[in-house]
Amino acid sequence: MRTDARLTFTAVLLFLYVTSLPQFFAYWWIFYQMELAVAAMLITLYLIHRRSALSLLVGGFGMALHPATFLPLILALLSFVIIAILRSLFKRSPLHREVTFILVLALVGFVAVNLFGQEFVRVYLRGSVSQYGWFLTNYPDHIRQQFTGLYINLNLFRLTNLYMLPFAVVGIALWLTRRLKRSYPDVPTRLLVFGALIVVSFLFAYLPFIYQNRFLITLDIGLIIFAAYALRFFFSVFLPHRLGKGLVALLIAGLGGYAAYAVAMQQPQLYPDEKQELELLSQRAEGTAVYAMSTESLYTPWVYAFSGLTTVDQGYLSWNRWDYPMWREIWYGQSDALRNELLAM
């Protein structure tokens, strides 16, 4: 790929990522572990492409951080290797160097997990799927919603990606019909990994697997990759013409405006009655309370934003003056006098 083509493609890719509402919702719902794991996943793919031994270290870090994020990638790489081996046998040609590198990497990773990671794997499985299994249909009604992943569903994902999905479909069609090979000779084979990632992530999101909605985040990453190729092709066709420049500007305004409107209209992660209670708290406590205390860190930003009171939480915000033993004294101590001393700090 030429330098100017790479720069254009990178700019389009970043634009699509920045305006992606599924990625915004992942940030909005504070999926920090998964966001970091997705970043590690993409860096791992780049390092595999460079055939760097660091890919094992970065991939291991991401997998330890959030194993479920790396499951679609592992299956996608497995599909890539199987197809590459079958193609090599059919054409009687040597294996691509990246395929050989992935096989060596998998062998080293398997040995490393057996030597150092067995306990981690057992603890993770025991804490996630040991009681009810992998399918949501086995989970009791009162906890089933929690194990969907607490994220947007497939229908909302389709609506939030209204502008980008047609380009993703066109990009996949260009790849399947080998049209991309004309402009990007070295790319189509490597895109097989992202094609497999899309298929695996879609199946995990469509079928009733646990955390099914979270796999929409990795599905969105794969779709963005293909959409970037189609969008760059769209720009190259329309930008040389005056009317085309207007169409491109309209498309960019639509993508950016749609994302900006959705972000601006996003409501706080509170039920209306919870928000009302917090707003009433400041009125009830007027003249009698100096601060509010949050017992759950997830609610601390909302307590601070809507109560109008200085908010104290365990190790959170600048008003916290207690260390861990002091917090234990508040929750578990037997002396009310000592509690009053701590509250008076």
Side-chain angles (χ1 to χ4, degrees), residues 18-36 66 127 136 139-157 159-160 210-214 216-217 256-345:
V18 168
T19 57
S20 168
L21 288 176
Q23 299 304 317
F24 163 73
F25 287 132
Y27 162 78
W28 184 252
W29 284 97
I30 324 178
F31 296 152
Y32 59 91
Q33 279 183 292
M34 188 165 187
E35 289 286 276
L36 288 173
H66 200 265
L136 286 171
Y139 283 69
D141 291 340
H142 67 280
I143 62 171
R144 187 175 299 170
Q145 180 62 30
Q146 174 187 346
F147 280 88
T148 61
L150 298 176
Y151 185 63
I152 60 175
N153 58 33
L154 194 58
N155 290 329
L156 190 54
F157 174 83
L159 290 173
T160 55
I210 60 169
Y211 303 121
Q212 62 176 158
N213 292 341
R214 296 281 189 95
L216 293 172
I217 298 173
Y258 184 62
Y261 175 78
V263 171
M265 297 302 292
Q266 184 66 19
Q267 296 298 311
Q269 296 175 29
L270 286 175
Y271 293 110
D273 56 340
E274 291 177 325
K275 181 181 176 183
Q276 186 178 12
E277 286 179 10
L278 289 174
E279 290 172 339
L280 289 173
L281 184 64
S282 60
Q283 300 175 15
R284 295 173 181 171
E286 189 172 353
T288 62
V290 180
Y291 57 83
M293 181 184 294
S294 173
T295 57
E296 173 55 62
S297 294
L298 287 175
Y299 280 93
T300 301
W302 312 123
V303 175
Y304 173 67
F306 296 115
S307 71
L309 299 170
T310 299
T311 304
V312 179
D313 183 17
Q314 302 95 307
Y316 201 76
L317 300 178
S318 59
W319 298 290
N320 175 45
R321 300 181 183 179
W322 299 337
D323 55 20
Y324 180 66
M326 292 177 179
W327 276 104
R328 287 190 61 83
E329 184 62 39
I330 286 290
W331 299 127
Y332 307 112
Q334 304 299 319
S335 172
D336 289 337
L338 186 52
R339 283 196 183 93
N340 288 327
E341 289 181 16
L342 292 172
L343 291 170
M345 287 180 65

* To do: Verify the neighbour count for atom CD of Gln266: are there more than 12 heavy atoms of other residues, nucleotides or ligands below 6.0 Å?
  => yes

* Asked: Is there a side-chain contact between Glu35 and Gln23, using heavy atoms and a 4.5 Å cut-off?
  -> yes

* List in chain and number order the residues that pass ring pair (Phe, Tyr, Trp, His ring centres under 6.0 Å) with Phe306, two or more places apart in sequence or in another chain; answer none if no residue qualifies. => none

* Asked: Taking Ile152 as the fixed residue, which of Thr160, Leu21, Asn213, Leu159 is the one that meets the side chain to side chain contact (heavy atoms under 4.5 Å, CB included) rule?
  -> Thr160

* **Non-hydrogen atoms of Ala259 and Thr19 that approach each other most closely** => CB-O, 3.5 Å

* Pairing residues for Tyr32 by the ring pair (Phe, Tyr, Trp, His ring centres under 6.0 Å) criterion, not counting sequence neighbours -> none

* Structure fact -> The residue among Phe24, Tyr211, Phe31, Phe25 that forms ring-ring contact (aromatic ring centres under 6.0 Å, His included) with Tyr151 is Phe31

* Asked: Can you name the nearest heavy-atom pair linking Arg214 to His66, along with the distance?
  -> NH1-NE2, 4.0 Å

